Amino acid sequence: MAAVTGVIDSQVFILGDAVVRLEREVAELSRAKHAIGCASGTDALLLAFRALDIGRGDEVITTPFTFFATAGTIHNVGATPVFVDIEPRTFNIDPSAVKAAVTSRTKAVVPVDLFGQMAAMECFPQLLPGMPIIEDAAQSIGARRTIGGKDRMAGEVATIGTFSFFPSKNLGGYGDGGMMVTQDDALATRLRQLRVHGGLKTYYHDEVGYNSRLDALQAAVLSTKLRHLESWSERRRSNAAYYNTAFADVPEITTPYTEPMNVTIVNQYTIRCQRRDDLQRHLNEKKIGNSVYYPLPLHLQPCFAHLGYKQGALPESERASREVLSLPVYPELTRSQLDEVIGAVRSFYSRSV
Ligand SMILES: Cc1ncc(COP(=O)(O)O)c(C=O)c1O
């Protein structure tokens, strides 16, 4: 409240000091040279594509097992999303499938760090030297991966990394918000320009950009919450470990897999399970929060029918859509609440609790 009141007293509601401070903090966390706040994680992707001059006639390779914004923004800059399948254990894009999808029109790759775990970021520069990599880290701020013997942060090794501050993220605002990070000075300037209608000098426009500014009130809330991010993510990890142990003897359930080189922030705790829809109904009856991320992979969405993907085209993504269920994992969960979730899931599979 003190941070919020401070912004109200300052009467600077758009960008300003609070946003500059958050940008500095997120840059430090992500070990990025630049961080640029914007209106949402969706806009962060949109501005990233624009800054890389991706548009009509271009193809961008990505995963279909992600939130819609990943591909919606590719479409909205006039480019074509090219979907490749996921690696079934992590749900992240399968790097071996990426190379096969490259054509002369490919302009970028968008790996998504799904559910809090970084994608195999080291693979893309090896597979596609010089190709821009936009890391959709909307769900993974603060996640780490050991690459070449070094700890790398989500967003750090990408051409541009993007974050969302949607309230359900580990670092969630009191409304919408987003950020882009990059090590590249020229891209940073372009992103700053694009978020204010394409002109850094007021009322002069070098290009046509957007209104995609981060509110100072959101930045103040986020800076305050950022101090707790690591401890909250740690609580999520321990909640996840508790579930993993509790479900270890239930053969109908596959608990989430974290690659040994990754430190996940567990934005979602997502199991694969048999009779998923029945289990979901059972949990709903018991008023236990749950969600299916994502029930229909993007290559099969009606809005992308013109791309010509057929059922069965990307079998791992489609299987994941049928099997996944995310359970409550937020840091404030008490032990008895965790036990209640575990009891409900186990009883569905007729296991003792
Ligand atoms: C993977 C992914 N990409 C992009 C976004 C878009 O972020 P926002 O909702 O802030 O626009 C989200 C989150 O909602 C997401 O989970």
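Quick caveat: nothing in here was measured; it's all calculated off a predicted structure. Note that ligands are numbered from 1 as they come in the structure, with each ligand's atoms numbered from 1 the same way.
Checked for salt-bridge contact, R213 and D43 miss the test: no charged N lies under 4.0 Å from a carboxylate O. In this structure, E259 does not pair ionically with R144, as no charged nitrogen and carboxylate oxygen lie closer than 4.0 Å.
Among protein heavy atoms, atom 3 (N) of ligand 1 sits closest to D136 OD2, 2.8 Å. Closest to atom 13 (C) of ligand 1 among all protein heavy atoms lies K169 NZ, 2.8 Å. When only non-hydrogen protein atoms are considered, atom 11 (O) of ligand 1 lies nearest to T42 OG1, 2.5 Å. Of all protein heavy atoms, the one closest to atom 16 (O) of ligand 1 is Q139 NE2, 2.8 Å. Nearest non-hydrogen protein atom to atom 2 (C) of ligand 1 is A138 CB, 3.4 Å.
Atoms of ligand 1 lying under 4.0 Å from at least one heavy atom of T66, given by number and element, are 1 (C). Under a 4.0 Å criterion applied to the non-hydrogen atoms of V112, ligand 1 contributes the atoms 1 (C).
Between the side chains of T270 and S326, at least one donor N or O lies within less than 3.5 Å of an accepting N or O. Judged purely by distance below 3.5 Å, without hydrogens or angles, the side chains of T258 and Q117 never pair a donor atom with an acceptor atom.
Ring to ring, F115 and F91 are close: their centroids are under 6.0 angstrom apart.
Only the side chain of T70 comes within 4.0 Å of ligand 1, counting heavy atoms alone; its backbone N, CA, C and O stay farther away.
Annotation: cation-pi geometry not satisfied between R237 and Y242 (NZ/CZ under 6.0 angstrom from ring centroid, within 45° of ring axis).
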